[in-house]
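Here the structure comes first, spelled out in structure tokens, and everything after it is commentary.
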Amino acid sequence: MSLLNSEQLLDLLMGQGLLSKEQRQFIILQKGKQRQKLLKSHGGRRQDDLCKLDRGYPDLVDIIVSLQLEPPAKKGVVLGEEIIMRAVSRALKIPFKKLDPLDLDMDIVTKTIPKSFAINHLILPFELRDGILEVVSYNPDNQVVLEDIERANQVKVRPYLSTRSDIKKILAEFFGFQRSISAAETQYGDVGKATTVDIGNLEQYVRLSSTRELTSSDQHIKAAVNHLFSYALEQRASDIHVEPKRNICLIRFRIDGVLHTIYKLPKAVHSAITSRIKSLARMDIAEKRRPQDGRIKIGHQEGKEAELRVSTVPVSFGEKTVMRILDPDVIFQNLDEIGFSRRDRVVYNNFMTAPHGIVLVTGPTGSGKSTTLYSTLKQVASSETNIVTVEDPVEMVHEDFNQISVQTQIGVTFSSILRNILRQDPDIIMIGEIRDLETATHAVQAALTGHLVFSTLHTNDAVSTIIRLEDLGLEPFLIGSTMLGALAQRLVRRICPNCTEKYTVGAEEMQKLGFPVAGKEVLELYRGKGCRQCRGTGYSGRLGVFEIFPMTEKMKKMVADRATDSDLRQVAIREGMTTLREDAWRKVMAGETTGEEALRVTGEGR
């Protein structure tokens, strides 16, 4: 009998303090009844009728997990599948492997052993190095199976243990995606060979058309694209990159601000994947020489929806597609939880509740400006306010706002919309970006006529917004009389809460880097060691770093006198403004992020 289905497992768990005698007896008494319950939850099917991935279900591990027991020495912790398998791993001295899809090579997983063999034995190869094949298995009694793999592949096998749920999930996802890609590549292999030298718009290449072209309506391509979408959402990606290279199609996800290579696909399927995405985004499939923009709305888990903003541009080896994932749970956040200090939150709240004026949010692409603005509008939205937004393009459609999209090809620009927008009786106006004098003038006019205006501007810090508006051509007295203040922001990666550790560093060293350190010789800071939850990066999620100043009477007078940027900045700091560097340092000292992250986003010279 398998260890995972015998009372030996209960003895093993007792030996490691994960079960008490009473709990062991309770499991023995309840296992028959619990097994029937679990089978019933599978639709009442007999063991022979269960799908291959569920073969052997339920075993004693499943029964213990379903009973939701607490280990005697770990109150508040439920005895789950991973805890049990890690205990088995320790007892048998077989290493445990927590499977992370981003670390796996699809070719090794899907092409080393047959799919049916992998599913039947719940076994998954994940790395081949120096003649050693590393294989993860659910069943520790799989020695004969491992020997079969060694003989078939002429390699030495190094075994690992993992959970049934992780192995099932990876096998289903990887074999499903690989089947879709392989079927498309096999069916249209001749197309793939020809396109390995396709270098798009930079060089002319003439190819005789195949009798069958790979189309975006192919069922395999549909399945592959759907998998990409669901996988990106599952991994909390903010962007999906589909990049053509000379011989491959590269798929990359941006997670917590960092790009990760996910798949290297055959070049043969790149054109079809791109066409499928363009079709979903209502873009012109035939147009491959010009950049295009579109959007896709997708439904995912538990009825939730997300939007993808799609952009395509012609590059050296074909069309490159980037999709920005706009998840309502990320875009619309509680302003108290995005990283404002107490002082900055009070100042920003004063901006939000002002009857009229202009509030400017500044920062580079990907610094969280859209999240701040959308979260602000969501908070001030009510049945008594008319909120109108002018965007290029509309990032997230929301029924509480009246959203207008800029369409330059038909003359619908920021300035042309703003000329007419005041006739729509708005209370609050959000302008996607102030790019020129005409747009800035209309924004000032709206503020002067009693409207609250939010917009973005491209400057490096908050105070520079004043100089930028002057450079556009606005009169200083208009800036001083309409502007409520400005907010500059960046995003830093948050330390993973599961692997936080303290460490000490010399204060002098941090002072040299420009951090406001005084009165201490040694500092106690925090960092992430790296764990399975954060994929070894030490970071999980992001939070904002802010620099915010209100337009005080003294600042208005200085603006009217055309004061320099440095003079304005000094006054803003004296009046209480926290710089980006100082706010980042506060978050470092609070254990929310690291010194390296603070330096990365605020620059070494600031």
Side-chain angles (χ1 to χ4, degrees), residues 1-100 118-124 135-147 159-172 497-499 531-533:
M1 182 184 287
S2 166
L3 170 67
L4 301 184
N5 236 343
S6 71
E7 292 185 15
Q8 279 182 272
L9 176 62
L10 302 180
D11 296 332
L12 183 154
L13 295 175
M14 274 187 64
Q16 297 193 28
L18 296 173
L19 279 183
S20 64
K21 278 187 179 181
E22 294 77 15
Q23 287 173 325
R24 182 186 190 280
Q25 191 61 29
F26 176 72
I27 292 168
I28 291 171
L29 292 172
Q30 292 289 322
K31 66 179 180 180
K33 184 179 174 182
Q34 201 67 16
R35 179 174 279 114
Q36 292 306 313
K37 276 187 183 178
L38 292 172
L39 282 171
K40 192 175 180 181
S41 70
H42 265 63
R45 291 173 288 180
R46 296 166 60 88
Q47 182 62 50
D48 294 341
D49 299 327
L50 291 174
C51 71
K52 288 181 179 179
L53 278 173
D54 285 329
R55 186 165 292 170
Y57 177 89
D59 60 15
L60 194 52
V61 175
D62 301 308
I63 290 168
I64 296 170
V65 170
S66 70
L67 290 171
Q68 299 279 294
L69 302 172
E70 285 188 7
K74 296 182 178 180
K75 296 300 179 184
V77 176
V78 174
L79 191 57
E81 187 183 13
E82 186 172 325
I83 294 174
I84 295 172
M85 293 308 296
R86 284 182 180 275
V88 173
S89 164
R90 287 191 293 270
L92 301 182
K93 294 183 170 49
I94 302 173
F96 182 87
K97 173 72 176 175
K98 177 65 176 176
L99 294 171
D100 182 354
I119 289 173
N120 282 339
H121 298 287
L122 280 177
I123 198 161
L124 186 151
V135 174
V136 68
S137 170
Y138 172 66
N139 188 349
D141 305 318
N142 262 345
Q143 190 56 42
V144 175
V145 174
L146 298 178
E147 289 171 0
Y160 291 79
L161 289 180
S162 192
T163 61
R164 182 208 294 268
S165 56
D166 279 356
I167 295 174
K168 275 174 55 178
K169 188 170 182 293
I170 298 292
L171 288 176
N498 296 296
C499 60
C531 64
R532 58 185 180 274
Q533 275 85 3

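- Closest non-hydrogen pair, E82 versus F96, comes out as CG-CZ, 3.8 Å.
- Side-chain contact check for V61 versus V88: every heavy-atom pair is 4.5 Å or farther apart.
- The NZ atom of K37 lies 5.0 Å from the NZ atom of K33; values are rounded to the nearest 0.5 Å.
- Nearest heavy-atom pair across P95 and S89 is C-OG, 3.5 Å.
- To the nearest 0.5 Å, atoms CD1 (I170) and CG (D100) are separated by 8.0 Å.
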From CA spacing to verdict: side chain to side chain contact (heavy atoms under 4.5 Å, CB included), L12, Q8: CA-CA 6 Å; L12 183 154; Q8 279 182 272; over 6 Å; no
message: Working note: K98 + M85, criterion side chain to side chain contact (heavy atoms under 4.5 Å, CB included); need CA distance, chi angles, decisive distance, verdict.
response: CA-CA 10 Å; K98 177 65 176 176; M85 293 308 296; over 6 Å; no
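- For L79 against L18, the heavy-atom pair with the smallest separation is CD2-O, 3.9 Å.
- Using a 4.0 Å cut-off between a side-chain N of Lys or Arg and a carboxylate O of Asp or Glu, K97 and D166 do not qualify as a salt bridge.
- Note that CD of E81 is 7.5 Å distant from CZ of R164, once rounded to the nearest 0.5 Å.
- For P71 against G17, the heavy-atom pair with the smallest separation is CB-O, 4.4 Å.
- Looking only at side-chain heavy atoms (C-beta outward), V65 and V78 stay at 4.5 Å or farther from each other.
- In this structure, CG in L146 is found 10.0 Å from NE2 in H121, a value given to the nearest 0.5 Å.
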- request: Please report the C-alpha distance between L92 and L3 in whole Å, then the side-chain angles of each, then the deciding distance to 0.1 Å, and finally whether the side chain to side chain contact (heavy atoms under 4.5 Å, CB included) criterion is met.
  value: CA-CA 11 Å; L92 301 182; L3 170 67; 3.8 Å; yes
- prompt: Run the side chain to side chain donor-acceptor pair (under 3.5 Å) check on Q34 and S66 step by step: do they pass?
  reply: CA-CA 8 Å; Q34 201 67 16; S66 70; 3.1 Å; yes
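- Across every non-hydrogen atom of A118 and L171, the tightest pair is O-CD1, 3.8 Å.
- Here the side chain of N5 pairs a donor or acceptor atom with the backbone of L60 at under 3.5 angstrom.
- Put simply, CZ on R24 and CG on L13 are 10.5 Å apart, with the number rounded to the nearest 0.5 Å.
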message: Quick one, I84 with I64, criterion side chain to side chain contact (heavy atoms under 4.5 Å, CB included). Give me CA distance, side-chain angles, the key distance, then yes/no.
response: CA-CA 9 Å; I84 295 172; I64 296 170; 3.7 Å; yes
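- Side-chain contact between P159 and V135 is absent, with no heavy atoms from C-beta onward closer than 4.5 Å.
- Taking CG of L99 as the start and OG of S165 as the end, the distance is 9.5 Å to the nearest 0.5 Å.
- Side-chain N or O atoms of Q23 include one that pairs as donor or acceptor with a backbone N or O of E70 at under 3.5 Å.
- A salt bridge between R35 and D62 is absent, with no side-chain N of the basic residue lying under 4.0 Å from a carboxylate O of the acidic one.
- Here the closest heavy-atom approach between residue Y138 and residue L4 is recorded as O-CD1, 3.4 Å.
- For the pair P58/L39, a side-chain contact is recorded, criterion being any heavy-atom separation below 4.5 Å from C-beta on.
- Side-chain atoms of S137 never come within 3.5 Å of backbone atoms of L161 as a donor-acceptor pair (strictly under, hydrogens ignored).
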